[in-house]
Asks: 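Would you mind keeping the following structure in view while I ask a few things?
So you know, we letter chains A, B, ... as the sequences are listed, proteins then strands, and number each from 1.
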2 protein chains.
Amino acid sequence: MADAVTMDKIVSLCRRRGFVFPSSEIYGGLGSTYDYGHYGVLTKNNIRGRWLQAMVQERDDIVLIDSAIILHPRVWEASGHVEGFTDPLVDCRTCKLRFREDQLDTAQCGRKPSKHPGETPDCDLTEARQFNLMFQTTVGPVEEAGSKAFLRPETAQGIFINFKNVLQLARRQPPFGIAQTGKSFRNEITPGNFLFRVREFEQMEMEFFVPPAEAEEWYRYWIEARYDWYLRYGLRRAHLRVREHGPEERSHYSQGTSDIEYEYPIGWSELEGVANRGDYDLTRHTEFSGTKLEFVGPEGTARYVPYVIEPAVSIERIFVAMMVDAYDEEEVAGRERTVLRLHPAIAPVKAAVLPLIAKDSGMVEKARALYEQLRQSEVVEYDEGGAIGRRYRRQDEIGTPFAFTIDEQTLEDDTVTIRERDSLAQERLSIGQVGAKLDDELSKPWTTPKTD
Amino acid sequence: MADAVTMDKIVSLCRRRGFVFPSSEIYGGLGSTYDYGHYGVLTKNNIRGRWLQAMVQERDDIVLIDSAIILHPRVWEASGHVEGFTDPLVDCRTCKLRFREDQLDTAQCGRKPSKHPGETPDCDLTEARQFNLMFQTTVGPVEEAGSKAFLRPETAQGIFINFKNVLQLARRQPPFGIAQTGKSFRNEITPGNFLFRVREFEQMEMEFFVPPAEAEEWYRYWIEARYDWYLRYGLRRAHLRVREHGPEERSHYSQGTSDIEYEYPIGWSELEGVANRGDYDLTRHTEFSGTKLEFVGPEGTARYVPYVIEPAVSIERIFVAMMVDAYDEEEVAGRERTVLRLHPAIAPVKAAVLPLIAKDSGMVEKARALYEQLRQSEVVEYDEGGAIGRRYRRQDEIGTPFAFTIDEQTLEDDTVTIRERDSLAQERLSIGQVGAKLDDELSKPWTTPKTD
């Protein structure tokens with residue numbers, strides 16, 4: 001890569017090509033909220049699909065659930081969120097701005113942006129007060145005490161409260177896992193950096209219940225398994241690292257936490273967290289609900305509260321990491337091209353079918369027929385709009401790994417050109433072989449073509 | 001079917017087999033809120049997948065979006081929801097219960113349940129007041145006026161506010177559609193009937209933008225297309241009907257609305273609505289946002305505000321309808337069996353692989369190998385727990401269309417038994433043919449085996 005990939009370039013490509021738009025844009029936007037366009041939805045679906053494939057479909061020991069977003073409010077008392085899921089906020093009485101106390105060092109004073117809050121005589125900061133990050137709402141027609149509810153800040157608790165159901169009805173015994181994907185909500189004071197920190201996001205969490213003696217081993221196992229998953233889908237090793245939290249950095253219940261970090265344009269930051277949560281959650285829900293959440297072996301051979309290993313990530317952070325790693329600009333034959341070198345499994349569109357000349361009804365007919373055939377099994381695009389070079393560039397920018405072009409020669413001998421996104425290699429093959437060729441290419445192992 | 005399918009039977013099966021649990025059950029539940037277990041998630045994923053296949057993948061003219069749940073609050077002023085998305089509520093000063101004014105005829109008096117509210121001298125009903133069904137919340141750290149926000153009560157508005165983005169960036173011109181699936185939230189006063197009316201639900205909506213002169217034609221088209229989709233996935237014609245709303249029943253902006261109704265155990269009720277919304281939404285958002293939402297043809301050849309045809313449904317209502325239509329009890333060789341005759345595309349598990357004798361390591365080995373092979377492409381289950389009859393019944397109850405059993409003969413000649421869920425027909429085939437056989441069976445057109 002000639003130049004460093006900046007977040008601005010990613011944001012710009014995402015908007016230009018219809019991956020991601022600022023939400024409510026016609027109303028002036030709503031800070032740090034985004035809507036996904038067609039290619040964004042397809043890409044997210046691919047990320048989620050591959051996560052589910054690795055976490056559930058390819059395994060015997062993990063089942064799915066999908067719990068409600070608005071759970072019983074007691075759930076969040078038991079989990080510790082009502083009391084402890086807070087950020088310390090301070091206000092400046094002079095400039096009326098509000099800051100996170102733990103981020104004063106990087107914040108800008110409202111009067112003198114070159115200084116941090118508290119650094120000028122004008123600054124008049126209040127004491128910090130704890131602000132809870134859960135969104136509140138009211139269920140039912142009146143605001144009675146009992147009707148206050150929260151939007152879930154994580155999907156994990158919906159899993160813990162269903163532990164007994166899964167144990168009984170899915171006939172599982174540790175080690176086994178429960179996986180869930182879905183929206184979570186956090187009333188972040190300082191959202192930002194595009195999709196990196198947003199107020200609503202889609203989590204993919206899996207809680208793996210194990211005998212306490214095996215917890216450390218499974219903790220290591222899941223760090224490695226998740227790290228390998230990122231390599232498998234094209235993130236570069238040089239942009240990934242595992243960072244283990246020190247004891248002072250961990251949540252009070254954690255027996256060990258590691259972040260799989262990615263080198264975003266904003267620097268190394270958490271992509272996915274893997275935590276050994278011990279027996280904290282099941283114990284707390286036992287205490288608060290009066291329902292014993294434990295494992296009892298056949299004929300009472302064992303009885304214990306499982307430890308929980310949790311790999312947790314949001315689709316948004318994976319999406320950004322994959323876009324950053326895929327983004328490339330290069331000069332080809334004197335012309336600049338932007339190309340998204342996404343893993344073919346993640347790319348929103350797998351192939352484009354292009355008639356060289358849109359006014360040639362013979363080419364159009366053959367191209368349409370090929371398109372109709374291919375889209376039975378894959379997401380493919382048909383495009384007849386504009387010069388062929390422009391159409392190639394459009395597909396490059398959305399990361400389409402293959403393009404099939406129907407030209408004069410096709411009308412003579414039924415062969416088409418296949419153009420490969422990364423190498424730009426072109427070769428001809430018989431139109432009848434295109435389906436098998438595409439299947440074959442898409443099922444091959446793939447390694448990122450970029451050098452670091 | 002011997003007996004009518006009741007909602008209780010469906011609820012009971014869903015709980016027993018881990019499709020759907022009452023949410024927050026260990027905390028005493030949270031009225032009319034549900035969590036989905038493994039088979040429930042898989043079934044919902046199949047319903048969503050088939051909707052997307054028919055609405056997006058098999059078509060050229062519809063693209064996807066995924067908009068935020070918390071949109072700019074002005075969106076809901078423009079849409080009319082702030083003012084008009086209300087139910088009229090009355091309170092009884094005597095029994096302290098609260099009722100929907102338009103449902104007094106079917107409600108029960110708190111003192112005399114055999115009577116309706118207002119029918120006894122004791123009843124002391126207040127005037128009706130309008131209660132807005134949108135969930136409110138607050139974005140940001142303080143409850144300032146501008147920070148009030150709503151959880152979306154429908155996904156449609158997220159589509160309308162992105163109309164211009166799609167027009168420009170996806171280079172579309174009417175007729176074209178934008179589809180979205182995702183959670184919506186309504187603070188229902190009287191939720192109930194299992195998943196039929198819940199406070200959070202997953203919508204699948206598509207807004208189809210057309211030249212005004214073609215609106216009526218497309219309205220008819222989409223009613224038929226959606227009706228046919230239900231037949232394709234196994235709902236019985238006798239349980240489906242289209243009911244057109246009379247002028248007095250329609251929303252003020254509607255040029256025509258039809259419900260595709262299903263005969264639920266609670267009676268004929270809306271499954272999906274198809275509405276001709278006219279130019280109401282785009283016009284209102286133009287007015288409130290100051291951004292012109294209209295279509296301008298190439299070189300100004302045309303300029304108009306498209307009309308919108310909207311097929312809108314929730315996964316929950318489809319899920320219940322499909323479960324009801326699939327549920328069957330029958331006597332086979334003197335024993336009762338419960339079977340879910342789900343369409344194979346909707347069934348959560350496509351096949352079970354069962355070693356006849358779990359203690360026979362030869363059978364287990366062959367069964368495991370077959371299972372590992374099949375699950376590369378389909379959701380299949382391996383089960384060695386309990387007598388074979390019990391394992392078959394378990395698979396019948398979750399609607400698994402095929403079971404492959406490995407027995408003594410398999411060890412001799414590498415053939416297995418295939419058992420068909422509906423007919424209970426069993427035949428032997430070579431273990432090497434199982435994959436192709438399953439593919440073949442799953443791609444056949446399928447018709448419901450039940451008679452009405």
Asks: Need one label for B:Leu151: side chain, backbone, both or neither, based on atoms under 4.5 Å from any heavy atom in chain A.
Replies: side chain

Asks: Any side-chain heavy-atom pair from A:Glu294 and A:Thr286 closer than 4.5 angstrom?
Replies: no

Asks: B:Val20, B:Asn162, B:Asp87, B:Leu293: which one forms the most heavy-atom pairs within less than 4.5 Å of chain A?
Replies: B:Asn162

Asks: Going through the distances and angles, do B:Glu200 and A:Lys183 end up as a salt bridge (charged side-chain N to carboxylate O under 4.0 Å, His left out)?
Replies: CA-CA 12 Å; B:Glu200 58 180 273; A:Lys183 279 270 173 104; over 6 Å; no

Asks: Return the option, out of A:Glu188, A:Arg368, A:Gln376, with the maximum number of heavy-atom pairs under 4.5 Å with chain B.
Replies: A:Arg368

Asks: Could you go step by step and tell me if B:Glu381 and B:Arg394 meet the salt bridge (charged side-chain N to carboxylate O under 4.0 Å, His left out) rule?
Replies: CA-CA 11 Å; B:Glu381 270 194 7; B:Arg394 195 182 289 145; over 6 Å; no

Asks: What's the shortest heavy-atom distance between A:Arg284 and A:Ala78, and which atoms?
Replies: NE-O, 2.7 Å

Asks: Among B:Thr33, B:Val63, B:Asn165, which residue has the highest count of heavy-atom pairs closer than 4.5 Å to chain A?
Replies: B:Asn165

Asks: Kindly give the heavy-atom pair with the smallest separation between B:Arg152 and B:Trp76, and that separation in Å.
Replies: CB-CZ2, 3.4 Å

Asks: Under 4.5 Å between any side-chain heavy atoms of B:Val56 and B:Met206, yes or no?
Replies: no

Asks: Heavy-atom distance under 4.5 Å to chain B: side chain of A:Arg16, backbone, both or neither?
Replies: backbone

Asks: Of the listed residues (A:Val75, A:Ile69, A:Leu71), which shares the most heavy-atom pairs with chain B below a 4.5 Å separation?
Replies: A:Ile69

Asks: Check whether any side-chain heavy atom of A:Arg129 lies under 4.5 Å from a side-chain heavy atom of A:Pro88, and answer yes or no.
Replies: no

Asks: Side chain, backbone, both or neither: which part of B:Lys164 has an atom under 4.5 Å from a heavy atom of chain A?
Replies: neither

Asks: Quick check on the interface: out of A:Phe135, A:Tyr382, A:Tyr34, who has the most heavy-atom pairs with chain B under 4.5 Å?
Replies: A:Phe135

Asks: What closest approach, in Å, do A:Ile26 and B:Ser289 show between heavy atoms, and which atom pair accounts for it?
Replies: O-CB, 3.4 Å

Asks: Quick check: do A:Ile159 and A:Ile65 have side-chain heavy atoms less than 4.5 Å from each other?
Replies: yes

Asks: Against chain A, label B:Thr291 side chain, backbone, both or neither, depending on which of its atoms sit under 4.5 Å from a heavy atom there.
Replies: side chain

Asks: Taking every non-hydrogen pair under 4.5 Å, which of B:Pro191, B:Gly18, B:Ala68 racks up the most with chain A?
Replies: B:Ala68

Asks: With a 4.5 angstrom heavy-atom cut-off, which part of A:Tyr39 approaches chain B: side chain, backbone, both or neither?
Replies: neither

Asks: Could I get the full list of side chain to side chain donor-acceptor pair (under 3.5 Å) partners for B:Ser79, not counting sequence neighbours?
Replies: B:His81

Asks: Top residue by heavy-atom pair count (under 4.5 Å) with chain A, among B:His285, B:Arg375, B:Arg74?
Replies: B:Arg375

Asks: What I'd like to find out is whether the side chain of A:Asn46 reaches to under 4.5 Å of the side chain of A:Lys350, using heavy atoms alone.
Replies: yes

Asks: Between chain B and each of A:Tyr27, A:Phe288, A:Tyr36, count heavy-atom pairs under 4.5 Å; write down the option with the most.
Replies: A:Tyr27

Asks: Examine whether an atom of B:Gln53 lies under 4.5 Å from a heavy atom of chain A, and if so say whether it belongs to the side chain, the backbone or both; otherwise answer neither.
Replies: neither

Asks: As an exercise: rank B:Leu52, B:Asp66, B:Leu30 by heavy-atom pairs under 4.5 Å with chain A and give me the winner.
Replies: B:Asp66

Asks: Which one of A:Asp60, A:Leu169, A:Asn45, A:Thr137 has the most heavy-atom pairs closer than 4.5 Å to chain B?
Replies: A:Asp60

Asks: Would you mind checking which part of A:Glu58 comes under 4.5 Å of any heavy atom in chain B, side chain (CB onward), backbone (N, CA, C, O), both or neither?
Replies: backbone

Asks: Heavy-atom distance under 4.5 Å to chain A: side chain of B:Glu378, backbone, both or neither?
Replies: backbone

Asks: Just wondering, do A:Phe150 and A:Phe185 contact through their side chains at under 4.5 Å, heavy atoms?
Replies: no

Asks: Given heavy-atom pairs under 4.5 angstrom as the criterion, report whether the side chain, backbone, both or neither of B:Ser377 touches chain A.
Replies: backbone

Asks: Using non-hydrogen atoms and a 4.5 Å limit, figure out which bit of A:Asp383 sits close to chain B: side chain, backbone, both or neither.
Replies: side chain

